[in-house]
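The chains referred to below are lettered A, B, ... by the order of the sequence lines, with proteins before strands, and numbering in each begins at 1. Keep in mind that what you see is a predicted model, and the values were worked out from it rather than measured.
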2 protein chains.
Amino acid sequence: MAKYQKVKGTQDFFEKSILKLRYLENTMRRIAKNYGYNEIKTPIFEHTDVFVRIGDDSDIVTKEMYTFLDKGNRSITLRPEGTAAVVRSYLENKLYAKTSPMKLFYFGPMFRYERPQAGRYREFHQFGVEVFGKSTPLLDCDVIISANQIFQELGIKNYHLKINTIGDNESRKLYSEKLVEYFEEHINHLCSDCKRRINKNPLRILDCKVDGNNPIIKNAPKIHDFLNQESKDYFSEVLSILDYYQVDYIVDENLVRGLDYYTDLVFEFIIESNDELDGLAFCGGGKYANLVESFGGMDIPGIGYAIGVERLLSIVDSQDGWNDKIENDIDVLIISLDKLSKLKALEIAYLLRLHNIPTEIDYEHYTMKHQFKLADKLNPKFLIIIGEEERKNNIVSIKDNETKVEETISQEKIISYLKGKLL
Amino acid sequence: MAKYQKVKGTQDFFEKSILKLRYLENTMRRIAKNYGYNEIKTPIFEHTDVFVRIGDDSDIVTKEMYTFLDKGNRSITLRPEGTAAVVRSYLENKLYAKTSPMKLFYFGPMFRYERPQAGRYREFHQFGVEVFGKSTPLLDCDVIISANQIFQELGIKNYHLKINTIGDNESRKLYSEKLVEYFEEHINHLCSDCKRRINKNPLRILDCKVDGNNPIIKNAPKIHDFLNQESKDYFSEVLSILDYYQVDYIVDENLVRGLDYYTDLVFEFIIESNDELDGLAFCGGGKYANLVESFGGMDIPGIGYAIGVERLLSIVDSQDGWNDKIENDIDVLIISLDKLSKLKALEIAYLLRLHNIPTEIDYEHYTMKHQFKLADKLNPKFLIIIGEEERKNNIVSIKDNETKVEETISQEKIISYLKGKLL
């Protein structure tokens, strides 16, 4: 066993795994850009207060944050999710004074001290979008469609979109009161966390992780019976637009999401699978009417979602969906048979690399045998061979490593020869 | 002032600044790939022990690390540099059993609790490469050339490469003894940090940050007088290869680098400038013969460098070198003049985005006036206009936003029309 090991719940990405991660990242970046989102990148850590705002009674904040004092005695926290810091940045950098809606995306590591499980890490990655400044059903649907587009382009199969409304502020206030009444009647049947939540945030009881199958929770009053007309109309317009664009969804009246800041529309993308991934939410989001204001900003609406990148990666793995997306072969290996030829080899390599043709040489050996071993490991598309004879005649041998066809060409023609073959 | 602010010494990247960061990242990634490097991504934090290995007397380890206890009472540290974690990962994942040399690159945030200054942040980014398993002058030169290639492609002006050898283990042992003798004679003229360093790591005194102009330090014995023949030969072969490839360099006998793990070759890239950037090292690296072994691994040589990305960004800023590298305009804005047209507009947007044409719509307004305001902000290359008339006739108006030429085309032809114009 190695003397030093990575910290429990973290992982190294290299070889295939880094290619998978970058393929997902690049796909999400490209689609976000196509949809008019601009990137924002906030620091890895924030003042702890920033995250407490997302729900001072949530599991994330109370149990799972990496919080510590820095050398200046500030309480800082490694970000457990993306939205809070983006809101902080949006306000601090006065982005509200620019384009509205302000459409932002982010990609980066997040940190939660949870029990590591298959596909769940203490350092994990999220891609997310946040839109500030407008609230229209068309915008909401476009946000959902952009997430869906990512999963379509990745070729994800057997997933569905769950959607719900938890009502506007007025509706939710009425509903909360009813929930408190109801749960107080059944308080003895609730877990200790939920008992505490009754007066603080009764909606969160519906999302109880300890006791999700409790009939008391299942039979609780439903938000849909307490929605005011405006909330109802808004939600049905969202659904009718999704219908127009033929986006499939399931309305799930129990969907509330785990963070305090959501209002109105909430949604999740869920995978169906024959393995332990079945039922996993790999993307979740919703609207947040009050979040910007709770950060001391103006009354600015928002909507966003986050995709769990490691979860998505596990899903593509389990659906065997990578195909040729994660190749990283180099194009050319230059084999050189004496010391002067090796200098020439690096010179040719320099030129090929300048033309964006990934090229490798053997830095050490002069025998064919050693260098063909390297060729076996690297599997280049072409081999260039240069020895004393070739060097003197200003030529090289060039061999297609698949067809094994070998040709002799002048050194000046290497670039044009390879560009023709590699395109 | 915003109610919540980013932590001192950290920064938000958005608008132009994120485009600059990504441009640098993408250039470095592309060149690394061309040079045959594969990416590795280690976690943001490691067990503290991993970093103590890079120099238990260095400023980084003694003063600047973000170290804390996690909820499992582990001492963990946000990585202050890239090499230590890559070595840990190389050993833990048994990468030595694969290709040799193993050529790796990384890009990501690092953390040091330093006094924030212009261009110096507590969270900053490094791009770096590490090569394990071989030690040849040709490989060393190729590593240096790859860094140089990055600065060439970025168009950096007025920089130079400083290079030195600090000798192999045998040479350095002899030199260290002479340094101890010399500094002990002049101990009263050294700063308190250096007094402490005399017996622990006398070479580090040469790199004193407190008192770099101290004549005692300047007149200290030079490593070049204590190099054994092997070290001398190796270094002159490196220099002659750099000469062969016409890479300019300055041999600086005082260059030692600030970390304990370096042996033999060390180098830095330094900027010359009329402003506060003058003399800044924006890339540094060298060989490390003993580092892998000190992590409990075998006797495996290594060489690497790291580029300070924020420093490089400041340099390109100060040399006004961005030109058109950081454009992020969207290609198309679709203007819609009634509710049904807006649904159609999003449908067209969906199609354009599917073809990787960045497209935006106005989610809210139906008037020309409002939507032309958005056009002014977004500055798209084309405007597509759709109202009741266009919708009924299955056409759109399409306007080149630069030439102002407007044409009417059928909706089926939008993609081919734009693909022709945008290529």
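At least one side-chain heavy atom of B/V332 sits less than 4.5 Å from a side-chain heavy atom of B/I357. Side-chain contact check for A/Y121 versus A/E114: every heavy-atom pair is 4.5 Å or farther apart. A/K134 is listed as a side-chain neighbour of A/S100, based on a closest heavy-atom distance under 4.5 Å.
Ranked by heavy-atom pairs under 4.5 Å with chain A, the first of B/D70, B/V50, B/I44 is B/I44. Residue with the most contacts toward chain A among B/R30, B/K41, B/R353: B/R353 (heavy-atom pairs, distance under 4.5 Å). With chain B as partner, the option from A/D49, A/L78, A/N93 having the largest number of non-hydrogen pairs under 4.5 angstrom is A/N93. Across B/K8, B/E64, B/R29, the residue that shares the most heavy-atom pairs under 4.5 angstrom with chain A is B/R29. Among the candidates A/V87, A/L343, A/D331, the residue making the largest number of heavy-atom pairs closer than 4.5 Å to chain B is A/L343. For the set A/T99, A/D142, A/L352, A/I145, the entry with the most heavy-atom pairs within less than 4.5 Å of chain B is A/D142. Ranked by heavy-atom pairs under 4.5 Å with chain B, the list A/I76, A/L91, A/T359 is led by A/T359. Ranked by heavy-atom pairs shorter than 4.5 Å toward chain A, the options B/E15, B/H355, B/Q152 are led by B/E15. Between chain A and the options B/E46, B/K71, B/K103, B/K373, the largest number of non-hydrogen pairs under 4.5 Å is found for B/K71. By number of non-hydrogen pairs under 4.5 angstrom with chain A, the leading residue of B/L346, B/L374, B/L95, B/L333 is B/L346. Residue with the most contacts toward chain B among A/T10, A/N356, A/D362: A/N356 (heavy-atom pairs, distance under 4.5 Å).
In this structure, B/N148 contributes its side chain and B/I144 its backbone to no donor-acceptor pair below 3.5 Å. Side-chain atoms of A/R79 come within 3.5 Å of backbone N or O of A/T42 as a donor-acceptor pair. Between the side chain of B/S89 and the backbone N or O of B/A85, no donor-acceptor pair lies under 3.5 Å. When atom types are taken as modelled, the side chain of A/R112 and the backbone of A/E123 share no donor-acceptor pair closer than 3.5 angstrom. With hydrogens and angles ignored, the 3.5 Å screen pairs no side-chain donor or acceptor of B/T67 with any backbone N or O of B/T77. Looking at B/Y113, its side chain does come within 3.5 Å of a backbone N or O of A/G72 through a donor-acceptor pair. For the pair A/K33 (side chain) and A/E39 (backbone), a donor-acceptor distance under 3.5 Å is absent.
Ring geometry, A/H370 versus A/H365: the interplanar angle falls under 30°, so the pair is classed parallel (tilted spans 30 to 60°).
For chain B, the nearby part of A/P101 is the side chain; its heavy atoms alone come within less than 4.5 Å. Within the 4.5 angstrom heavy-atom criterion, atoms from both the backbone and the side chain of A/I40 approach chain B. For chain A, the nearby part of B/L378 is the side chain; its heavy atoms alone come within less than 4.5 Å. Residue contact with chain B, scored on non-hydrogen atoms closer than 4.5 Å, involves the backbone and the side chain of A/E92 alike. With a 4.5 angstrom heavy-atom cutoff, A/L104 does not touch chain B via any of its atoms. Contacts between A/L138 and chain B at a heavy-atom distance below 4.5 Å involve backbone atoms as well as side-chain atoms. Contact annotation for A/Y245: only side-chain heavy atoms (C-beta onward) come within less than 4.5 Å of a heavy atom of chain B. Only the backbone of A/Q11 comes within contact range of chain B, judged by heavy atoms closer than 4.5 Å. With a 4.5 Å cut-off on non-hydrogen atoms, A/S294 touches chain B through its backbone but not through its side chain. For A/I31, no part lies under 4.5 angstrom from a heavy atom of chain B. Residue A/T136 touches chain B through its side chain alone, counting heavy-atom pairs closer than 4.5 Å. The contact between B/Y35 and chain A is made by backbone and side chain atoms together, counting heavy-atom distances below 4.5 Å. For A/F45, the parts lying under 4.5 angstrom from a heavy atom of chain B are both the backbone and the side chain. With a threshold of 4.5 angstrom between heavy atoms, A/E153 approaches chain B through side-chain atoms but not through N, CA, C or O. For chain B, the nearby parts of A/K6 are the backbone and the side chain; heavy atoms of each come within less than 4.5 Å. If you measure heavy-atom distances from A/Y244 to chain B, the contacts under 4.5 Å come from the side chain alone.
Within the cation-pi definition used here (under 6.0 Å to the ring centroid, within 45° of the axis), A/R88 does not qualify as a partner of B/Y4.
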Next on the checklist: B/H125 vs B/Y106, test: ring pair (Phe, Tyr, Trp, His ring centres under 6.0 Å). Steps then yes/no.
Outcome noted: CA-CA 10 Å; B/H125 294 77; B/Y106 61 83; over 10 Å; no
Next on the checklist: I'd like to know whether A/F68 forms a ring pair (Phe, Tyr, Trp, His ring centres under 6.0 Å) with B/F68, so could you lay out the CA-CA distance, the side-chain angles of the two residues, the decisive distance to 0.1 Å, and finally the verdict.
Outcome noted: CA-CA 6 Å; A/F68 60 102; B/F68 60 103; 3.7 Å; yes
Item to check | Audit row: A/S341, A/S336, side-chain hydrogen bond (donor to acceptor under 3.5 Å, both in side chains) steps and yes/no | outcome: CA-CA 5 Å; A/S341 297; A/S336 51; over 6 Å; no
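Between A/E293 and B/K3 there is no salt bridge, since no side-chain nitrogen of the basic residue lies less than 4.0 Å from a carboxylate oxygen of the acidic one.
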